[in-house]
Amino acid sequence: MSTLESIRQRPVLIISILGVALLLFILTAVDRPQELFSDNHTVVKVDGQKIDYMEYQRRVEEQQEQLRQQGYTNLDAAQVQQYTLQQMVNETLMNQEIERLGLKVTDKELTSALLGETPHPYVAQMLQQMGVPSAQMLYDFAYNPSKNGVDAQQAQQLQSMWKALESDTEKLLLQQKFMSMFTGALTANKLDAQASYEDNASTSTIAYAKADFGQLKDEDFPVSDSEINSLYNQEKNRYRILEPQTVLSYITVDIAPSEADRLAAEKDVEAAVAALKAQEGTEGVAADSKFYVNRVSATAAKLATNLRNNLEKLQADTVSVISTYDNRYTIGKFLSSTTAVDSVLLDIAYLNEGVSADSIVATLNSGVKADSLAAIAQKNDSVWVSMTEPSMTILRDEISQAEAGRFFAPKSAGANPNMAIRVRSKKAPVTVYDIAEITYDVIPSNATVSKLNDDLRKYLAENTNAKAFEENATKAGYSALTAVVTPSSLSVNGLAESRNAAKWAIDAKKDQVSGVFKDDKDSRLMAAAVKDVYTGDFVPASNPEVRAYLTNKIRNQKKAESLVAKFQGKGKTVAEYATVMGVKADTTQVTFGQGYIRNFGMNEAALQANVAVAKQGEVCGPIALNNSVVVFDVVSVANQGRAFNYENDAMVFNQREGVQTFQNQLFNVLLGNKKIENRIQKFYSER
């Protein structure tokens, strides 16, 4: 009784004990208890909004299938996955902005796009792919199945198709509304167009003398760490990053045949040529799987280029190596030549299923026109075919022996039984060559592959930090390249099948050196070392590229100040300044709105601005530019010779500064300061 009373007095304790017991039971009952507390279905978060793995995987498979249908067979899965995920991130950013703006598609707009007299082009395209005449018919079949004789299972499938079409159309209409707002906000108004006109209304011809910074020694203009840090803080946003970055130095080694492999292959080919000459046909290489034989029967004009170009040599020598390219030997063996009809003009009628070909042939040969016979599904008149093509092998004998002007039904094994053929005419016989094209690919031997592996592993064992890994690469016969890998990277520098190296880099620490990675095709070895890891919001000033840029900019500023002080007031004309500078005076044209100035380069805003306000004949300068100081005077000014035209100048503005330029940065604008948490590499690692 006292025990029960104690339990009643401590309910919180008892509940806690029971809760822990239940939790322990659950943890021991599941295979992967950590997944109870982890979000293992989110591949990326866009400002907190999740993209689910299953939806992502579905989109990847759709993209891969589309590419395969377009003829892309050698796909790198990582590239498709990265492209698809970026598309989904972009869509999420746009949808977030659409929601923020409160954009909606009304029922009337959606109904009009789906069921209006003129459906939306997307709807029309999808209906065509489905094989449905109209959206109204799809809707009726889906939601009025009994009226249209559709069973319940089909109706359910059609309803799913309709809902998907409705949803996709609504999303597309929302995106179009957003893009209409976006483009409308950036379209040139009259002031923009007028400014664009005036920026390009006149071109000034200037005479100038220019002293380049290159005439000064870098060591005379030292740059301190404090100066670099000061400029870095001013330009820090230039180096903003959206996710952590791992800077790699990496080495790749192509698994290619060695010189010993090539010498062995050369001996194999020499032996094969001798055996082919000594034995009938291609028996000389029949037992050697390293040689692939392709029998070719064709006229000279239709032979492959390497066979056609070596035809006379093959006829004279019988067997010859006709090409050696990219580790592939090609041997040709002349087998025989015959005279045969090559080009034949045919009429071909394709019959409906179940129709007796013999009865139709008899009807056609009695004089009845093919167009009048319902049993004929399709006819092709006056078709030239080549009898030497491999596709004609099945019908070659029957066509050759057929009586001109009369239809026949093919009887050869493998021929289409639902067709009737008539030979109209045949061209004069030509020479047909029978040639064996034999190829031999030089592949790396096991010894070669082992040595490449051993050499790279030895290098890694001797160079165990990032500095040594990079600095000693050239001496060892390697080339060390630099790449940046982030949690969203599915490859290193876009290299196919380099996901494993990228995956390793994400969790590696600074100065760590990897092992050897091999691609799935056994065509490349790879190793990497971590030079640096950036976990903040910006690439630091210590980054070599950033530091070099800042150092160069500060040094150029110092050089400019030195040259301006040196030449200030040392001349009254451009010619005098040119003498003092030790250069030759020259001329060029400057337009305020142009990006590139001949003899100066890109983005010389200081020169453009000073030329725009300079008085003709007045010497200006010295003026500091990006890589030089310049003294100039305006020789002449040429106007466009045309009046302001709003439509034309608005178009120029839109192309250079308006929507067409800004649209390329749309998703960077939508991203703004939002955070993207990309878990794709970790996600694949966990699986």
Side-chain angles (χ1 to χ4, degrees), residues 43 57 60 64 73-86 243-258 261 327 442-535 678-687:
V43 69
Q57 189 60 28
V60 168
Q64 288 173 328
T73 54
N74 191 21
L75 296 173
D76 179 22
Q79 291 181 357
V80 177
Q81 290 159 355
Q82 195 148 359
Y83 170 81
T84 303
L85 190 58
Q86 186 60 55
E243 53 185 338
Q245 292 187 350
T246 300
V247 183
L248 294 180
S249 180
Y250 70 95
I251 289 169
T252 61
V253 180
D254 290 334
I255 300 178
S258 65
D261 295 334
N327 291 321
V442 187
I443 61 173
S445 63
N446 290 335
T448 296
V449 176
S450 294
K451 186 175 188 311
L452 292 173
N453 263 293
D454 292 345
D455 287 349
L456 185 55
R457 292 182 194 281
K458 180 183 177 184
Y459 180 79
L460 299 178
E462 293 173 348
N463 298 276
T464 56
N465 60 67
K467 183 179 180 182
F469 179 94
E470 185 172 46
E471 290 182 351
N472 296 326
T474 303
K475 188 189 302 181
Y478 300 123
S479 177
L481 303 174
T482 298
V484 174
V485 172
T486 71
S488 59
S489 299
L490 290 175
S491 63
V492 175
N493 245 6
L495 287 171
E497 298 183 26
S498 58
R499 184 202 297 276
N500 287 340
K503 190 186 300 181
W504 168 84
I506 291 168
D507 296 322
K509 294 179 173 56
K510 184 176 179 179
D511 231 21
Q512 190 172 344
V513 177
S514 76
V516 176
F517 302 104
K518 186 185 291 187
D519 66 346
D520 293 341
K521 298 175 183 176
D522 290 337
S523 64
R524 184 188 65 229
L525 302 177
M526 185 175 185
V530 177
K531 296 170 67 174
D532 216 334
V533 179
Y534 308 142
T535 57
N678 198 319
R679 305 173 65 234
I680 191 166
Q681 275 287 20
K682 182 179 179 183
F683 196 85
Y684 277 111
S685 297
E686 291 172 348
R687 282 159 177 74

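- In this view, T252 satisfies the side-chain hydrogen bond (donor to acceptor under 3.5 Å, both in side chains) rule with no residue, not counting sequence neighbours.
- The environment of CD1 in I255 is crowded: more than 12 heavy-atom neighbours from other residues, nucleotides or ligands sit within 6.0 Å.
- S445 approaches D261 most closely through the heavy-atom pair OG-OD1, 2.8 Å.
- Scanning all heavy atoms of the two residues, the minimum distance from L490 to A78 falls at O-CB, 3.3 Å.
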Subject >> R524/S498 under side chain to side chain contact (heavy atoms under 4.5 Å, CB included): CA gap, chis, key distance, verdict >> reply: CA-CA 10 Å; R524 184 188 65 229; S498 58; 4.0 Å; yes

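- I680 and S488 get closest at one heavy-atom pair: CG2-CA, 3.9 Å.
- Between P487 and I506, the shortest heavy-atom contact is CA-CD1, 3.7 Å.
- Under the side-chain hydrogen bond (donor to acceptor under 3.5 Å, both in side chains) criterion, N678 pairs with no residue at all, not counting sequence neighbours.
- Contact annotation: the side chain of E462 never approaches that of N472 to less than 4.5 Å [non-hydrogen atoms, C-beta and beyond].
- Checked against side chain to side chain contact (heavy atoms under 4.5 Å, CB included), A527 has the following partners two or more places apart in sequence or in another chain: L456, L460, F469, S514.
- Of all heavy-atom pairs between Q79 and G494, the closest is NE2-O, 3.4 Å.
- In this view, S523 and D519, K521 satisfy the side chain to side chain contact (heavy atoms under 4.5 Å, CB included) rule, not counting sequence neighbours.
- Every residue two or more places apart in sequence or in another chain was checked for a salt bridge (Lys or Arg N to Asp or Glu O under 4.0 Å) with E497, and none qualifies.
- Remark: N465 pairs with K467, A468, D511 by the side chain to side chain contact (heavy atoms under 4.5 Å, CB included) rule, at least two apart or across chains.
- Remark: K458 engages no residue in a salt bridge (Lys or Arg N to Asp or Glu O under 4.0 Å) (not counting sequence neighbours).
- For A77, the side chain to side chain contact (heavy atoms under 4.5 Å, CB included) partners at least two apart in sequence or on another chain are Q64, Q81.
- No side-chain donor-acceptor contact under 3.5 Å links N453 and S450.
- A donor-acceptor contact closer than 3.5 angstrom is absent between the side chains of Q82 and S491.
- Atoms CG and CG, on D520 and N500 in that order, are 7.5 Å from each other to the nearest 0.5 Å.
- The line from CG of L481 to CG of L495 is 8.5 Å long, rounded to the nearest 0.5 Å.
- Here D522 pairs with nothing under the salt bridge (Lys or Arg N to Asp or Glu O under 4.0 Å) rule; sequence neighbours left out.
- Nearest heavy atoms, P444 versus A256: CG-C, 3.7 Å.
- In this structure, the side-chain hydrogen bond (donor to acceptor under 3.5 Å, both in side chains) partners of K451, at least two apart in sequence or on a different chain, are D455.
- Within the 4.5 Å cutoff, side-chain heavy atoms of W504 are placed close to those of L248.
- For the ring-ring contact (aromatic ring centres under 6.0 Å, His included) test, residues two or more places apart in sequence or in another chain that qualify with Y478 are Y459.
- N327 places no side-chain N or O within donor-acceptor distance of the main-chain N or O of V442, the cut-off being under 3.5 Å.
- Side-chain atoms of S258 never come within 3.5 Å of backbone atoms of T448 as a donor-acceptor pair (strictly under, hydrogens ignored).
- Residues satisfying the salt bridge (Lys or Arg N to Asp or Glu O under 4.0 Å) criterion with K510, sequence neighbours excluded, are D532.
- Looking at heavy atoms from C-beta onward, E470 lies in side-chain contact with T482 at the 4.5 angstrom threshold.
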